[in-house]
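A note on names: the letters A, B, ... follow the listed sequences, proteins ahead of strands, and every chain is numbered from 1.
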2 protein chains.
Amino acid sequence: MNNLISIKSATLSEDIAQQLTNAIVQGHIPQGSKISEPELAKQYGVSRGPLREAIVKLEGLGLVTRTANVGARVIQLNTQDMLDTFTMREALEGMAARLAATTMPADEINSLYALLDKHQAHLDANQDEHYVQQGGNDDFHLRIIHASGNAKLIRLLTEELYAVIRMYRRHTSDQRSDPRQALREHKAILDAIANHEGDLAELLMRRHISRASQLLKQAMEHSSVASRI
Amino acid sequence: MNNLISIKSATLSEDIAQQLTNAIVQGHIPQGSKISEPELAKQYGVSRGPLREAIVKLEGLGLVTRTANVGARVIQLNTQDMLDTFTMREALEGMAARLAATTMPADEINSLYALLDKHQAHLDANQDEHYVQQGGNDDFHLRIIHASGNAKLIRLLTEELYAVIRMYRRHTSDQRSDPRQALREHKAILDAIANHEGDLAELLMRRHISRASQLLKQAMEHSSVASRI
DNA sequence: AGCCAATAAATTGTCGACAATCCAACTTGA
DNA sequence: TCAAGTTGGATTGTCGACAATTTATTGGCT
């Protein structure tokens with residue numbers, strides 16, 4: 001049976017990996033559930049060969065854990081892992097902001113200011129409703145990361161870590177997050193970058209992510225997500 | 001034909017992945033060379049199934065690059081990639097040192113001091129000959145990383161990034177590195193950790209890695225390794 | 001009834017073969 | 001002679017089937 005969106009990729013394995021990633025991030029495959037190879041193979045209409053390659057890839061992304069002769073399981077979001085992941089984000093995205101402060105071209109900076117204005121306008125028009133910027137080119141963090149100019153850093157953050165990060169963003173109904181505060185922090189970071197103040201940019205980015213993780217922590221501890229074993 | 005060391009693992013795929021990793025890191029499979037599936041399958045005495053899974057894993061480790069319908073190639077070490085990778089290391093190991101400054105237990109700190117004394121004695125006895133600490137438990141950096149207590153950080157640094165880092169360490173005959181200077185820096189970092197000075201520990205670790213990368217850069221630019229296309 | 005051993009079913013790991021794609025050598029025509 | 005098209009060989013991608021291992025079920029014993 002065909003699944004939702006069918007992204008035509010060069011190889012079946014890539015295709016399946018992409019679809020599985022989405023399915024897990026969006027919760028269509030529940031956390032902690034077992035990955036049954038025969039079942040999924042039938043579901044996606046492929047043989048187990050490419051499916052297994054996709055699962056190996058997902059293991060590398062940290063979306064599933066595998067045990068020899070037993071199989072793969074979708075990871076379980078929990079507070080400690082979230083904190084650990086976000087601490088890594090602090091280090092990496094802080095560095096990205098620092099690098100961006102010296103390498104980001106003026107027009108890209110202006111384009112980012114325009115994006116923040118757009119976010120501002122959206123908040124004004126929709127009474128502070130959260131702006132969904134999942135992974136697209138409108139995502140402030142992704143823009144900063146790309147501006148770092150560090151290919152390895154970009155790959156790590158956008159291709160290997162972001163799936164899990166998006167999962168945390170999505171599965172915690174972060175109603176207690178304050179979009180206007182986040183926007184102010186984004187603006188402060190961008191100001192530091194525009195002024196080529198690498199130290200400050202890194203500091204602010206770290207603080208920004210640290211604050212987000214604290215909010216997520218509270219949300220997880222008070223929501224059903226965390227308690228659902 | 002059996003290859004060198006045969007680490008018995010639960011599954012053939014893991015086994016092959018391990019052996020291939022070693023072969024690439026140690027240069028038995030040369031940089032930039034094509035990975036021929038039929039050839040390797042025959043060489044290791046396995047079918048292409050588990051071999052392909054291993055290659056997918058290696059791609060995740062950044063040891064090979066794959067192109068659809070074309071195949072996999074061993075990466076080419078080059079100065080820019082090295083600098084990018086070491087910048088990430090700065091961010092991540094800097095954070096690890098910071099965390100270690102608050103979480104590292106006293107006995108582990110003492111044990112690390114003892115290790116540094118051992119390194120010192122080795123230098124004294126062998127007229128500054130380089131101490132080979134490739135990946136073992138005698139590796140100062142690995143000890144700090146583990147002391148961070150951040151499981152995600154540990155996994156990323158020790159399981160995903162270290163293969164490439166070891167490759168850089170090994171393939172550049174870093175004769176111009178000064179082991180005594182490195183030892184002094186290690187000691188300063190450990191002092192900061194022992195005093196629970198997280199900020200300082202991070203700063204020193206960053207500086208230490210940055211300095212190492214500069215030395216590596218010079219070594220690569222002046223050695224045949226970098227010019228050998 | 002409850003627990004342990006033996007057996008059956010299902011799942012994972014591995015293999016060899018076929019299909020699709022790419023690459024190199026060769027032919028053909030201007 | 002050179003360029004483009006064609007054909008043959010080799011390699012990668014995919015599949016279905018078998019072997020090995022785990023998990024569930026059944027039966028027997030205390």
Side-chain angles (χ1 to χ4, degrees), chain A residues 1-3 6-21 23-24 29-76 229, chain B residues 1-3 6-21 23-24 29-76 229:
Chain A
M1 183 195 289
N2 267 356
N3 231 32
S6 173
I7 312 109
K8 269 283 164 285
S9 204
T11 160
L12 268 185
S13 171
E14 291 177 35
D15 214 335
I16 303 293
Q18 190 68 47
Q19 298 203 37
L20 276 183
T21 300
I24 291 176
I29 304 180
Q31 294 177 38
S33 67
K34 185 159 184 330
I35 299 284
S36 164
E37 294 183 5
E39 184 182 329
L40 277 187
K42 194 184 300 181
Q43 195 166 343
Y44 286 102
V46 297
S47 87
R48 281 177 50 225
L51 177 64
R52 280 176 63 88
E53 291 183 15
I55 293 177
V56 171
K57 204 173 293 184
L58 289 216
E59 187 188 20
L61 296 182
L63 288 176
V64 305
T65 57
R66 263 164 32 113
T67 324
N69 293 314
V70 173
R73 274 191 178 283
V74 179
I75 57 161
Q76 278 277 11
I229 304 232
Chain B
M1 182 196 287
N2 267 356
N3 231 33
S6 174
I7 312 109
K8 270 283 164 286
S9 204
T11 160
L12 269 185
S13 171
E14 290 176 37
D15 214 334
I16 303 293
Q18 190 69 45
Q19 298 203 37
L20 276 183
T21 299
I24 290 177
I29 305 179
Q31 295 176 37
S33 67
K34 186 160 184 332
I35 300 283
S36 163
E37 294 182 6
E39 184 182 329
L40 277 187
K42 195 184 297 179
Q43 195 167 341
Y44 285 102
V46 298
S47 86
R48 282 177 50 223
L51 176 64
R52 282 176 62 87
E53 291 183 14
I55 293 177
V56 171
K57 205 173 292 184
L58 290 216
E59 186 188 20
L61 296 182
L63 288 177
V64 305
T65 57
R66 261 162 38 110
T67 325
N69 292 314
V70 173
R73 275 191 178 283
V74 179
I75 56 160
Q76 277 278 11
I229 305 237

Tell me whether the OP1 or OP2 atom of D:dT14 has a side-chain N or O from A:Thr11 closer than 4.0 Å.
yes

Which of D:dT14, C:dT14, C:dC22 is nearest the side chain of B:Ser13? It is C:dT14

Tell me what B:Ile35 touches on the nucleic acid: a base, only sugar-phosphate, or nothing, going by heavy atoms under 4.0 Å.
sugar-phosphate

Between atom CG in B:Asn69 and atom P in C:dT21, what is the gap in whole Å?
7 Å

Which whole-number value in Å describes the distance from B:Leu51 CG to C:dG13 C1'?
15 Å

Which atom of A:Lys34 lies closest to which atom of A:Gly71, heavy atoms considered:
NZ-CA, 4.2 Å

Counting only N and O atoms by type, is there a donor-acceptor contact under 3.5 Å from the side chain of B:Arg73 to the main-chain atoms of B:Thr65?
no

With a non-hydrogen cut-off below 4.0 angstrom, is B:Ile55 in contact with a base, only sugar-phosphate, or nothing?
nothing

Using whole Å, what does the distance between atom P of nucleotide C:dG13 and atom NZ of B:Lys57 come to?
10 Å

Least distance between heavy atoms, B:Ile29 atom then B:Ser33 atom
CG2-OG, 3.4 Å

Closest non-hydrogen atoms of A:Ser13 and A:Pro50, given as atom of the first, atom of the second and distance, are OG-O, 3.7 Å

Option from B:Ile35, B:Leu12, B:Leu40 for which side chain to side chain contact (heavy atoms under 4.5 Å, CB included) with B:Leu51 holds:
B:Leu40

Tell me: CZ of B:Arg73 to C1' of D:dT11, nearest whole Å?
13 Å

Taking CD from B:Glu53 and C1' from C:dT14, how many angstroms apart are they, rounded to a whole number?
9 Å

Interatomic distance where CD belongs to A:Glu14 and P belongs to D:dT14 [whole Å]
9 Å

Which heavy atom of B:Ser9 sits nearest a heavy atom of B:Glu14, and at what distance?
OG-OE1, 3.1 Å

Please report the distance, rounded to the nearest Å, between OH in A:Tyr44 and P in D:dT14.
16 Å

With sequence neighbours excluded, residues passing salt bridge (charged side-chain N to carboxylate O under 4.0 Å, His left out) with B:Glu37
B:Arg48, B:Arg52

With a 4.0 Å limit, can you tell me whether B:Arg52 has a side-chain N or O closer than that to the phosphate oxygens OP1/OP2 of D:dG13?
yes

Show me the protein contacts with nucleotides 15-19 of chain D, counting only N or O atoms at under 3.5 Å.
residue, atom, partner, partner atom, Å
D:dC15, OP2, A:Ser47, N, 2.9
D:dC15, OP2, A:Ser47, OG, 3.3

Among C:dT14, D:dT14, D:dT11, which is the nearest nucleotide to the side chain of B:Lys34?
D:dT11

